[in-house]
Amino acid sequence: MFLGTHQPKLDEKGRFFLPAKFREELAEGLVISRGQDHCLTIYPEAAFAEIARQMASGPSTVKQVRDFQRMLAAGASNEVPDKQGRVTIPPQLRRYAGLDKEIVVVGAIDRVEIWDAAAWEKYSTEQESVFAEMNDEVFPGLTQ
């Protein structure tokens with residue numbers, strides 16, 4: 001499970017240090033892909049493979065299915081952290097998420113998200129005001 005908010009920096013080669021608490025689960029390999037809200041998502045390879053299997057079961061005769069499959073797969077990149085725990089984000093994914101130097105790495109339970117720091121600040125500020133009311137609408141019966 002991925003939890004917490006971290007603020008590493010991108011270096012000039014587009015690399016960042018994975019938070020130490022995420023390294024073990026991602027050490028053997030990961031997939032970085034486009035996420036919704038113009039962030040990036042990181043999944044362990046096995047988890048991404050399961051998502052891909054589920055998506056492959058969608059009917060390719062449906063345009064929205066094809067579009068989603070293409071956008072996710074075309075923007076995905078297999079990566080392996082180096083011995084220091086650094087991960088390289090490919091240039092096209094950095095452009096998609098508007099990443100420069102200041103980034104935020106967010107644990108999102110089953111995945112890690114990478115945000116431009118200013119975009120994360122704006123998003124999280126907007127969401128804080130409605131967070132308390134989301135519970136019953138999104139997950140009826142869930143207790144905290």
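The basis for the numbers below is simple: all heavy atoms, side chains too, and nothing from hydrogens, waters or symmetry mates.
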Whether [X] side chain and [Y] backbone form a donor-acceptor pair below 3.5 Å:
X: Glu79; Y: Val31; value: no
X: Asp11; Y: Lys13; value: yes
X: Arg34; Y: Met71; value: yes

For residues [X] and [Y], determine if any side-chain heavy atom of one lies less than 4.5 Å from a side-chain heavy atom of the other.
X: Arg94; Y: Leu10; answer: yes
X: Phe16; Y: Ile103; answer: yes
X: Cys39; Y: Ile114; answer: no
X: Phe22; Y: Pro44; answer: no
X: Ile89; Y: Leu40; answer: yes
X: Asn78; Y: Glu45; answer: yes
X: Leu26; Y: Leu18; answer: yes
X: Thr5; Y: Trp120; answer: yes

Those residues that, when tested against Glu50, pass side chain to side chain contact (heavy atoms under 4.5 Å, CB included) (two or more places apart):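 Per chain and number, Glu50 pairs via side chain to side chain contact (heavy atoms under 4.5 Å, CB included) with Arg53, Gln54.
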
Arg66: side chain to side chain contact (heavy atoms under 4.5 Å, CB included) partners, not counting sequence neighbours: Ser60, Lys63, Arg70

Tell me whether the count of non-hydrogen atoms from other residues, nucleotides or ligands lying under 6.0 Å of [atom1] in [X] goes above 12.
X: Gln36; atom1: CD; value: no
X: Gln64; atom1: CD; value: no
X: Asp82; atom1: CG; value: yes
X: Gln92; atom1: CD; value: yes

Candidate pair Lys21 and His6, rule side chain to side chain contact (heavy atoms under 4.5 Å, CB included), full reasoning: CA-CA 11 Å; Lys21 62 199 260 180; His6 311 272; 3.9 Å; yes

Shortest non-hydrogen separation from Leu93 to Ser33 and the atoms involved: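 For Leu93 and Ser33, the tightest heavy-atom pair comes out as CD2-C, 4.3 Å.
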
Distance-minimising heavy-atom pair for Pro81 and Ala27: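 Where Pro81 meets Ala27 most closely, the heavy atoms are CD-O, 3.8 Å.
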
With ring pair (Phe, Tyr, Trp, His ring centres under 6.0 Å) as the rule and sequence neighbours excluded, what pairs involving residues 29-56 come up?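 Every ring pair (Phe, Tyr, Trp, His ring centres under 6.0 Å) pair that includes a residue of residues 29-56, provided the two are not neighbours, is His38-Tyr96.
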
Does a salt bridge link Arg23 with Glu25, judged by any charged N lying under 4.0 Å from a carboxylate O? no

Could you go step by step and tell me if Ile42 and Arg111 meet the side chain to side chain contact (heavy atoms under 4.5 Å, CB included) rule? CA-CA 6 Å; Ile42 294 179; Arg111 66 191 178 283; over 6 Å; no

